[in-house]
Amino acid sequence: MTTQPSSSVPETSRPLADRRGILFIISAPSGTGKTTLCKQLTSTVPGLWHSISYTTRKPRAGEEHGREYFFIGETEFQQMVDRNEFVEWARVYGHLYGTPRKTLIDQMEQGIDVLLDIDVQGAIQVKKKFEDAVSIFILPPSMQVLRSRLQNRASDTPEEILRRLQKVKEEVWSYREYAYVVRNEDLSHSLHELESVFLAERLKTKRLNMAWLERNFILEEEPKSRARKDLP
Ligand code: ADP
Ligand code: 5GP
């Protein structure tokens with residue numbers, strides 16, 4: 001597996017302070033490599049912020065409260081649902097997961113692009129609320145590779161791994177709900193493909209603030225000599 005970060009996205013694609021941040025949604029069957037890819041992307045792509053979800057799942061070895069997730073109990077989670085503090089939430093593999101609304105909106109309003117690593121149910125809810133969101137589905141190369149990634153990660157019990165693998169045959173067809181598909185075989189190749197999506201989305205005409213065009217071309221002062229020459 002290659003873990004070298006690929007070339008970072010060029011300066012020109014830095015978010016403009018005066019445009020709203022773009023919402024990127026990434027989903028994949030468990031064990032595909034989405035967490036690994038998202039961590040790398042937030043370090044290589046400038047102006048990209050990875051949202052931290054709340055979950056009732058117990059932390060895995062090495063996970064920290066407030067870094068991978070905010071780990072909370074079911075009662076606290078339900079209170080947050082009642083206070084409408086989630087943009088979306090869902091039960092995934094038997095645990096509750098939710099995307100906090102306030103930080104997401106704050107980042108987008110500051111022109112920072114937001115990366116959501118959420119499941120398919122969550123992605124469908126977010127796409128309804130944010131029609132401009134860009135959705136990307138990541139697929140593992142095969143069932144065998146996925147199984148060995150989950151086993152090598154050694155972070156879930158054999159029962160939990162089985163529960164996740166049992167859902168895969170159904171989950172892979174969800175790619176149809178997404179705008180882009182990336183097959184995560186070689187890590188650096190997948191990173192390159194994902195960076196290309198971010199770069200292209202940032203350059204979409206509809207997202208650009210073209211006020212500079214008016215400043216530089218329409219409002220530009222005519223040189224005096226030329227203005228005089230043009231007088232009748
Ligand atoms: P997910 O977040 O999708 O459940 P992870 O990012 O935790 O998956 O990755 C699962 C395991 O697979 C980890 O041990 C990770 O290091 C490994 N992995 C991720 N991407 C690749 C890849 N392209 N090639 C080989 N191993 C990978
Ligand atoms: P894991 O327990 O392996 O970290 O994540 C399990 C699944 O929950 C993954 O598919 C992940 O994308 C999803 N997930 C993580 N956070 C959220 C969230 O806030 N909302 C939803 N709907 N799914 C989430």
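Ligands are counted one by one from 1 in listed order, and the atoms in each one are counted from 1 as well. Owing to the predicted nature of the structure, the values given are computational and were not obtained by experimental measurement.
The pair E160-R57 does not meet the salt-bridge criterion, since no charged nitrogen lies less than 4.0 angstrom from a carboxylate oxygen.
Protein heavy atom nearest atom 4 (O) of ligand 2, with residue, atom name and distance: Y69 OH, 2.5 Å. Annotation: atom 7 (C) of ligand 2 to nearest protein heavy atom, V92 CG1, 3.8 Å. Given atom 17 (C) of ligand 2, the protein heavy atom at minimum distance is Y97 CB, 3.4 Å. Of the protein's non-hydrogen atoms, D117 OD1, 2.7 Å is the one closest to atom 12 (O) of ligand 2.
Atom CD of residue E185 and atom CG of residue L139 lie 11.5 Å apart, to the nearest 0.5 angstrom.
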Do Y178 and F137 pass the ring pair (Phe, Tyr, Trp, His ring centres under 6.0 Å) test, and can you show the C-alpha distance, the side-chain angles, and the key distance before you say yes or no? CA-CA 6 Å; Y178 293 74; F137 198 69; 4.9 Å; yes

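Residue-level proximity to ligand 2 for E68 is absent, since no heavy atom of it falls below 4.0 angstrom. At a 4.0 Å heavy-atom cut-off, ligand 2 touches R60 through the side chain alone.
Residue Y93 has no N or O atom closer than 3.5 Å to an N or O atom of ligand 2.
The shell of residues lying under 4.0 angstrom from ligand 2, judged by heavy atoms, excludes H95. A heavy-atom separation below 4.0 Å is found between E185 and ligand 1. Contact annotation: E88 has at least one heavy atom less than 4.0 Å from an atom of ligand 2. Ligand 2 has G98 within reach: a non-hydrogen atom of the residue lies less than 4.0 Å from it.
For ligand 2, the atoms sitting less than 4.0 Å from at least one non-hydrogen atom of G122 are 22 (N), numbered in the order shown with element in parentheses.
Each of F70, Y54, F86, F71 was scored for a ring-ring contact (aromatic ring centres under 6.0 Å, His included) with F77, with one residue passing: F86.
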